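So the structure is just underneath, and the comments pick up after that.
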2 protein chains.
Amino acid sequence: MARPGELERRILDLLWARGELSVREVRGLLGDDLAYTTVMTVLDRLHAKEAVLRRKDGLAWRYRPRQSKEQALADKIVRLVPRDLHDASPLLEAFLDRAEQLDDDALDKLEALIRSRRKERKRC
Amino acid sequence: MARPGELERRILDLLWARGELSVREVRGLLGDDLAYTTVMTVLDRLHAKEAVLRRKDGLAWRYRPRQSKEQALADKIVRLVPRDLHDASPLLEAFLDRAEQLDDDALDKLEALIRSRRKERKRC
DNA sequence: AAAGTCTACGACAGCCCGTAGTAGCGCGCA
DNA sequence: TGCGCGCTACTACGGGCTGTCGTAGACTTT
């Protein structure tokens with residue numbers, strides 16, 4: 001086994017890439033020769049954790065992500081950040097570090113977001 | 001038990017607050033009535049994971065964080081964010097959306113980072 | 001009715017973490 | 001000089017999470 005959670009992550013990635021998949025489809029896309037029930041179990045657990053939604057399609061369930069990859073990631077990060085964090089810059093730098101591709105457009109958008117954030121804050 | 005890792009986190013927080021502590025000191029500051037060896041085991045595991053450094057002081061070890069709280073957080077985030085993240089704006093948007101903790105100060109810093117990003121970009 | 005497809009449920013192993021006991025080592029004190 | 005105290009190293013156990021799968025039953029299709 002690689003790091004724990006690896007299989008769950010790979011399956012989630014497939015769902016993010018494809019939108020909605022059945023157990024059989026996920027199993028095929030994974031390519032490893034996992035047992036059908038292995039994939040089913042993982043999807044079932046993801047559903048129990050409310051990481052994915054599912055909908056009946058005939059006999060079978062079809063699974064889809066509950067939230068976008070970005071939202072999921074942002075949630076994880078928010079859960080990681082302690083409320084008493086005093087200096088946020090290392091955190092923000094870590095973000096921007098990862099984002100080589102931030103073009104001017106994206107930077108504009110972010111600034112706009114910050115401004116609207118400020119306004120909102122003032123109102124409350 | 002609360003969430004797994006809880007005790008480790010509390011102990012790390014103590015080290016970040018106090019700088020350097022012995023097992024006995026940590027145990028006292030925790031306040032729970034944990035066995036001495038419980039605290040020792042956790043510190044030992046943190047050391048094995050290289051989350052803390054230690055130095056002999058007479059018979060005993062004294063433990064201190066390997067990195068600042070902010071750096072540790074940034075590292076965790078970097079590990080969480082995939083390297084193939086092409087467009088960071090959705091993520092940052094999602095983050096700004098979720099992060100009620102971000103105070104004005106943090107927003108200022110983010111703006112400053114964006115500005116310096118812009119400048120850097122122009123230069124290249 | 002038989003064969004195939006799905007699901008629900010149970011199971012087991014391995015890792016991580018909280019929690020703790022035991023054994024042994026070194027130092028200072030009676 | 002030997003004893004007790006403090007500290008460490010090692011071992012252990014239980015519970016939760018994850019990867020992995022088997023079995024049993026239900027429904028569909030042929």
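Residue numbers start from 1 in every chain, and the chains themselves are labelled A, B, ... in the order their sequence lines are given, proteins ahead of strands. Because only heavy atoms are used, hydrogens play no part in the values below, and waters and symmetry mates are left out as well, while side chains stay in. Quantities reported herein were computed from a predicted structural model and do not represent experimental measurements.
- Just one of A:Val26, A:Asp44, A:Leu12, A:Leu14 meets the side-chain contact (heavy atoms from CB on, under 4.5 Å) condition when paired with A:Tyr63; it is A:Asp44.
- With C:dA20, D:dT18, C:dA8 as the candidates, the nucleotide lying closest to the side chain of B:Thr41 is C:dA20.
- For the pair A:Thr37 and A:Glu8, both in contact range of DNA chain D, the more 5′-proximal nearest nucleotide belongs to A:Glu8.
- Distance B:Asp44 CG to C:dT19 C1': 15 Å, rounded to the nearest Å.
- Side-chain contact, A:Gln71 with A:Asp75: no donor N or O sits under 3.5 Å from an acceptor N or O.
- Taking atom CG on B:Leu43 and atom C1' on D:dT8, their separation rounds to 12 Å, with Å as the unit.
- In this structure, the CD atom of B:Glu6 is 16 Å from the P atom of D:dG16, given to the nearest Å.
- Put simply, CE on B:Met40 is 12 Å from C1' on C:dA23, counting in whole angstrom units.
- The side chain of A:Tyr36 places an N or O atom within less than 4.0 Å of a non-bridging phosphate oxygen (OP1 or OP2) of C:dT7.
- Judged purely by atom type and a 3.5 angstrom limit, B:Ser22 uses its side chain to pair as donor or acceptor with the backbone of B:Glu25.
- Distances shown here put every side-chain N or O of A:Lys56 at or beyond 4.0 Å from the OP1 or OP2 atom of C:dC6.
- Closest approach to the A:Leu34 side chain among D:dG19, D:dG6, D:dC21 is made by D:dC21 (side chain taken as heavy atoms from C-beta onward).
- A distance-only check finds a donor-acceptor pair linking the side chain of B:Asp103 to the backbone of B:Ala106 [under 3.5 Å].
- Using a 4.0 Å cut-off, no side-chain N or O of B:Arg24 falls inside it from OP1 or OP2 of D:dG6.
- Counting any heavy atom pair closer than 4.0 Å across all strands shown, A:Leu7 reaches sugar-phosphate atoms only and no base atom.
- With hydrogens and angles ignored, no donor-acceptor pair closer than 3.5 Å exists between the side chain of A:Ser22 and the base of C:dC6.
- Going from atom CZ of B:Arg10 over to atom P of C:dC17 covers 16 Å, rounded to whole Å.
- Atom P of nucleotide D:dC7 and atom CG of B:Asp57 are separated by 10 Å, given to the nearest angstrom.
- With hydrogens and angles ignored, no donor-acceptor pair closer than 3.5 Å exists between the side chain of A:Thr38 and the base of D:dG19.
- Rounded to an integer number of Å, the gap from CH2 of B:Trp61 to C1' of D:dG6 is 16 Å.
- Proximity note for B:Ala60 (side chain, C-beta onward) versus D:dT20, D:dC7, C:dT7: the nearest is D:dC7.
- Between the P atom of D:dT8 and the NE2 atom of B:His47 lies a distance of 12 Å, rounded to the nearest Å.
- When heavy atoms are screened at a 4.0 angstrom cut-off, B:Arg54 is found touching the sugar-phosphate backbone but no base atom.
- Among the nucleotides C:dA20, D:dT18, D:dC7, the one closest to any side-chain atom of B:Ala35 is C:dA20.
- Comparing A:Arg45 and A:Tyr63 along DNA chain C, the residue whose closest nucleotide (by nearest heavy atom) sits nearer the 5' end is A:Tyr63.
- The existence of a salt bridge linking A:Arg118 and B:Asp108 is confirmed by a sub-4.0 Å separation between a basic side-chain nitrogen and an acidic carboxylate oxygen.
- Counting only heavy atoms from C-beta outward, the side chains of B:Arg55 and B:Arg64 approach each other to under 4.5 Å.
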